[in-house]
Protein chains: 2
Amino acid sequence: MPNRRSSAAESQGEDLAARLLAEAEALVRRDGPDGIALRELARACGSSTMAIYTLYGGKPGLMQALYALGFARLHAYALSAEHRDAPLRWLVRQMLAYRRFALDHTGLYSLMFGGEKRFAPAGRNSRFASLAVPVEDAYPAFAALVDAVGACLAHHRERAPSASEVQDLAFLVWGQMHGHVGLEIAGYADPDDALGRYRNAVRFICAHCGADPTDVNAELAAAG
Amino acid sequence: MPNRRSSAAESQGEDLAARLLAEAEALVRRDGPDGIALRELARACGSSTMAIYTLYGGKPGLMQALYALGFARLHAYALSAEHRDAPLRWLVRQMLAYRRFALDHTGLYSLMFGGEKRFAPAGRNSRFASLAVPVEDAYPAFAALVDAVGACLAHHRERAPSASEVQDLAFLVWGQMHGHVGLEIAGYADPDDALGRYRNAVRFICAHCGADPTDVNAELAAAG
DNA sequence: CCAGTGCTATAACACTGTTATTGAGTCGAT
DNA sequence: ATCGACTCAATAACAGTGTTATAGCACTGG
């Protein structure tokens, strides 16, 4: 008798599929990607496990939906860091936002980047010719990174950087961010000094862009 | 009747505990950290699952043993890259060896660094005051990295680098290596260009040490 | 030879993802 | 308004998981 087509939950504008996904995100936040039990998820939503199969095709389908949701969340963090009129601020805040996202959503982050490849790669996109990304859902978040790196590089160099130059540096930046954050989440960073170390990485990258270290420190201080 | 105290397997010098661990490594290589089924593991070793409980205390204990084994393997790769008489060569090969290890043992690598913290942190070690490492088994592998970075830094600077300077750079190097390799394993790097991108990261780090780019390229070419 | 100890096979328990079956509910057409 | 067709979820079962209590074997010390 619960969960009729016109139940109170639906009147809130959340249909069953959305509620399942939201609850799954809560579970992945609490217990990590491997902590999702379909029975518990269904019980929390007042339905049975069959709903997950008809709506998402099974657990892998649900995980892939969570995967896409993770990139949507990451994209939102990236947008909040956008400063097209101040390229250095843009890049600095973009890098800090990446870490903030990872620490705010460790479960999703582990699902997206932890361990071995889980999802089939998407078709190549000309804009990311050498920045392979598993699924299309990831494009917007990485476009934001490439744009920030490109803007910062263009601002601190006399001539406009080439596309491959920007992509090379963007991958380096991404690697630096993911490396630090991944180590931190896995427990390899001193909790008292992790932010300081991450700031070192930001300075490292910005210096390579040609930015003045004093300006970088000012941006870091302003960003908190 | 199988696996008596004096079976053929024991005459090979492998007792049951070692055979279980070796088979577990094979399974983790084939199916990843989550692909280990105790019944399958026991069957492959001709025993029952109880042996895993008496010898390792359960699956978490077995995984921790695999975790330690992974760091022993990584340490072996690090040792093979040691060139105390040629600091730049040492650092370059150390970085390449790190990626080689990760790609040769993706399953172990995911267990060691993928996802969230799995094992309790070990007590602080003065040598790695700010390089927190979850378990003691990890120390030798990271000592090799710190030594290589320290040697390279000392060789290209007029005055000897401070301990904290070396640790700062070592963590940056580690982050860069782990970031690239983690992205590559997770499927975010173009397979055709991953090595080239990693070489970029090596050049990036070596330049920060003060090494001559020409020398770095020569070392990269020599290392293959 | 016998008691005691250490280890392992068997069987059961609670849990997991998955699926065949069943039934309730909705929509459209006559 | 009534009937048929369809969609979807609830139930129950199946095979698999990690874990544990029980029981039995082999060895060791006296």
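Keep in mind the model is a prediction, meaning the values are calculated, not measured.
Between the P atom of dA14(C) and the CD atom of Glu40(A) lies a distance of 18 Å, rounded to the nearest Å. Rounding to whole angstrom units, CG of residue Asp31(A) and C1' of dT16(C) are separated by 14 Å. In this structure, Leu62(A) atom CG and dT16(C) atom C1' are separated by 15 Å, rounded to whole Å. Atom pair Leu20(B):CG and dC7(C):P shows a separation of 14 Å (rounding to whole Å applied). Between the CG atom of Leu38(B) and the P atom of dA9(C) there is a distance of 13 Å, rounded to whole Å. Atom pair Leu55(B):CG and dT19(D):C1' shows a separation of 16 Å (rounding to whole Å applied). Between Tyr56(B) atom OH and dC7(C) atom P there is a gap of 14 Å when expressed in whole angstrom units. In this structure, Met63(B) atom CE and dT19(D) atom C1' are separated by 16 Å, rounded to whole Å.
Checked by distance alone, Arg39(B) brings no side-chain donor or acceptor within 3.5 Å of a matching partner on the base of dG16(D).
Remark: Ser48(B) is not in phosphate contact with dT8(C), judged by side-chain N or O atoms under 4.0 Å from OP1 or OP2. A sub-4.0 Å separation between OP1 or OP2 of dT18(C) and a side-chain N or O of Tyr53(A) is present. Taking side-chain N and O atoms only, Ser47(A) has no distance below 4.0 Å to OP1 or OP2 of dA9(D).
A donor-acceptor contact shorter than 3.5 Å links the side chain of His180(B) to the backbone of Ala194(B). Between the side chain of Arg29(A) and the backbone N or O of Asp104(A), at least one donor-acceptor pair lies under 3.5 Å.
Each of Ile52(A) and Arg43(B) was matched to the nucleotide of DNA chain D holding its nearest heavy atom; the match closer to the 5' end belongs to Ile52(A). Nearest-nucleotide assignment on DNA chain D puts the 5′-proximal partner with Ala51(A), out of Thr49(B) and Ala51(A).
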Leu96(B) and Arg93(B): side-chain contact (heavy atoms from CB on, under 4.5 Å), yes or no, with the steps? CA-CA 5 Å; Leu96(B) 291 174; Arg93(B) 302 216 171 185; 5.5 Å; no
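For His75(B) and Tyr139(B), the side-chain atoms include no donor-acceptor pair closer than 3.5 Å. Counting only N and O atoms by type, the side chains of Asn200(B) and Arg203(B) include a donor and acceptor under 3.5 Å apart.
Here the side chain of Thr54(A) is nearest to one of dT17(D), dT10(C), dC8(D), namely dC8(D). For Met50(A), whose side chain is taken as the heavy atoms from C-beta onward, the closest listed nucleotide among dA10(D), dT18(C), dT19(D) is dA10(D). Of the listed nucleotides (dT18(C), dT17(D), dT19(D)), dT17(D) has the atom at the smallest distance from the side chain of Ala37(B).
Contact annotation for Ile36(A): backbone-only contact, meaning every heavy-atom pair under 4.0 Å involves sugar-phosphate atoms and none involves a base.
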